[in-house]
Amino acid sequence: MIQDSEANYTEGQNEGRKRNMAKILFVCIIVFSVTNYFARDNPQALQTHLMRELGLGAKEYNQLYSFMSIPSIVIPLVFGTLLDLFGVPRLNLIVTGMIVIGQFLCVYAATVKSYGLLLIARMIYGTGNENSAILLQYVLSKHFDDKSIALYTGLSISACRLGNILNSNLTPRIYNATNSLPAAFLVPGIGLLFGFLAMFLMNILDQRITVLKEESGALLVRDRSESSKKEPFSLRRLSHFSAGLWNCILIGALLYSLYFGFTNIGSNFIQEFYNMEYNQSNDFLSIIYYIALFAVPFFGFLVDKVGNRHLFFIAGGFLSIASISTFIFLEGTKFPYLVLIPLGLFSSFYCSMASNIWSVIPLQAREDLRGMALGVFSTFKNIGQVCTPMLVGAIKDGFGYQKVLFLFESISVTILILSIIFAIFRKKN
């Protein structure tokens, strides 16, 4: 009896230590996410100054994002598989190191005014940035269960949005205060150094929590027999994905296709469709981002508490349909503030699904395939983010915004149908 009591006391101590270290690990993720997204979109905040000082046209400026997106089509699939094979510590510092190197190359490129070097820097940064999202979600799914993962995922997404807001508000002010492009890239780069240190600490905590799991016998079966179950990289591993997992991947890809497809043209769409001025349209569009900053964690909390994750997918599908339908109904309205209604519905659609989709995918995947599942999702998501804006642009130029809204409505209906199918899969299982 005494031995049992001592064992229970030791186990309780280990559980407490694991929980505390997991919380500190999460703080590390928040620090990195804020610093990363503070730097990620620096060219957006410096567009006018970059184009003037480097003599860029619109095409050359847009290539700063195109080159950043190129690696994100295929590399996440490879990286996710490597994550399953080699784990977090080896790949973490490589990924975060690429982000830091890419940012400081941007500083040097701005100093010597080299557009070619700036493109290379953005490609390096983009490779690290896209894979860091996979790695961080992998870590969250490893250390937080299905009763809390959506909340922590939502908080990490909000940290990214906070970084975006810091970039939009601080980076132009840094340039105005220094009249220097290198300085405007350097300050976020210094922030990334703190992010790198946070990831280094996260590595230590990840390894320590794993040791505690081994000591308590709570380590997952996959971790106890890791070497026997790991396979070399092969697309045949995709055959182990369940129908429900593929369904979630498609839902997520359509979610981000619709979200970025709309936000990329949102300002111009509001100006033309509702006869607004430039500044007013931007102010209206920013409401989506500010709602998401606070609402994504809230919806994540609800998802964890309610537990029926498919219901939030279905609700998101209805919200998306309602949003696009309201945009159509309000065309040419003389009361511009009514546009806040579909914008609020659209933001609610995104918030109800964003933290949910990133947490559901690793939960749906077999444990030794979680990295690959996140990598496949990232690849599909990025294909959608690259192709949808081009399709939207072609439809807008040829047929106008009404047909663009028809495309968005079609995507919304498809999301709803896939969400209902996912609910059926869950009921059968």
Side-chain angles (χ1 to χ4, degrees), residues 7-37 80 83-84 86-93 95-96 131-160 162-163 194-224 226 296-305 307 309 354-371 373-374:
N8 291 335
Y9 176 73
T10 302
E11 185 177 344
Q13 276 189 318
N14 281 345
E15 285 299 319
R17 290 167 68 189
K18 281 187 287 185
R19 283 195 298 270
N20 291 335
M21 283 192 286
K23 290 175 182 177
I24 299 172
L25 177 146
F26 179 69
V27 172
C28 293
I29 290 176
I30 294 294
V31 171
F32 173 75
S33 297
V34 173
T35 57
N36 181 24
Y37 277 79
L83 198 53
D84 287 326
F86 300 111
V88 173
R90 297 183 186 181
L91 299 176
N92 179 19
L93 297 183
V95 166
T96 51
N131 291 324
S132 72
I134 298 170
L135 184 139
L136 295 181
Q137 190 59 41
Y138 182 91
V139 171
L140 288 175
S141 68
K142 182 178 177 183
H143 297 299
F144 297 97
D145 60 22
D146 60 354
K147 295 180 180 178
S148 61
I149 186 172
L151 171 61
Y152 286 106
T153 299
L155 288 169
S156 66
I157 292 173
S158 288
C160 297
L162 178 59
F194 289 97
F196 183 85
L197 292 175
M199 288 295 93
F200 183 78
L201 176 58
M202 190 194 79
N203 261 5
I204 297 172
L205 292 168
D206 174 72
Q207 291 173 307
R208 183 57 188 152
I209 295 171
T210 300
V211 169
L212 287 175
K213 286 181 178 179
E214 290 174 342
E215 290 176 353
S216 65
L219 197 64
L220 298 173
V221 174
R222 178 183 69 87
D223 298 317
R224 290 198 299 267
E226 222 170 355
V296 171
F298 173 72
F299 275 100
F301 172 79
L302 286 181
V303 168
D304 289 329
K305 288 299 179 184
R309 299 172 189 274
S355 59
N356 196 12
I357 193 68
W358 280 100
S359 58
V360 164
I361 286 174
L363 291 175
Q364 285 288 311
R366 205 175 72 187
E367 291 179 47
D368 59 321
L369 295 172
R370 282 180 176 176
L374 288 166

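Any value given below was found using the heavy atoms of this structure, including those in side chains, with hydrogens, waters and symmetry copies removed. Position 1 is the first residue of the sequence; numbering continues from there.
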Distance-only criterion, 3.5 Å: show the donor-acceptor pairs between side-chain atoms of residues 195-205 and protein atoms not counting sequence neighbours.
residue, atom, partner, partner atom, Å
N203, OD1, N92, ND2, 2.9
N203, ND2, P89, O, 3.3

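- Contact record, V296 with G154: CG1-CA, 3.5 Å, taken as the closest heavy-atom pair.
- The side chain to side chain donor-acceptor pair (under 3.5 Å) check on S156 picks up nothing, with sequence neighbours excluded.
- Listed by chain and residue number, Y152 satisfy the ring-ring contact (aromatic ring centres under 6.0 Å, His included) test with F26 (two or more places apart in sequence, or in another chain).
- Taking both residues in full, the closest heavy atoms of I149 and S359 are given as CG2-CB, 3.7 Å, listed atom of the first, atom of the second, then distance.
- In this structure, CG on D206 lies 12.5 Å from CZ on R208, to the nearest 0.5 angstrom.
- A distance of 11.5 Å separates CG of N131 from OG1 of T96, quoted to the nearest 0.5 Å.
- Of all heavy-atom pairs spanning S132 and N36, the tightest one is OG-ND2, 3.8 Å.
- How far CZ of F86 is from CG of L91: 7.5 Å, rounded to the nearest 0.5 Å.
- Summarising the geometry, atom CG belonging to L162 is positioned 14.0 Å from atom CD1 belonging to I157; distances are rounded to the nearest 0.5 Å.
- Put simply, the side chain of D304 gets close to the backbone of L151: a donor and an acceptor are under 3.5 Å apart.
- For I361, the side-chain contact (heavy atoms from CB on, under 4.5 Å) test picks out L245, C248, I249, I357, A373, L374, F377, with sequence neighbours left out.
- Side-chain N or O atoms of R309 include none that pairs as donor or acceptor with a backbone N or O of V360 at under 3.5 Å.
- The side-chain contact (heavy atoms from CB on, under 4.5 Å) test applied to S33 returns I29, L136, A159, C160, not counting sequence neighbours.
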Is there a side chain to side chain contact (heavy atoms under 4.5 Å, CB included) between M21 and H143? Walk through the geometry before answering. CA-CA 10 Å; M21 283 192 286; H143 297 299; over 6 Å; no

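- Between V88 and Y138 there is a side-chain heavy-atom pair separated by less than 4.5 Å.
- Counting heavy atoms from C-beta outward, T210 and Q207 have side chains that stay 4.5 Å or more apart.
- Residues R370 and D84 share a closest heavy-atom pair of N-OD1, 3.5 Å.
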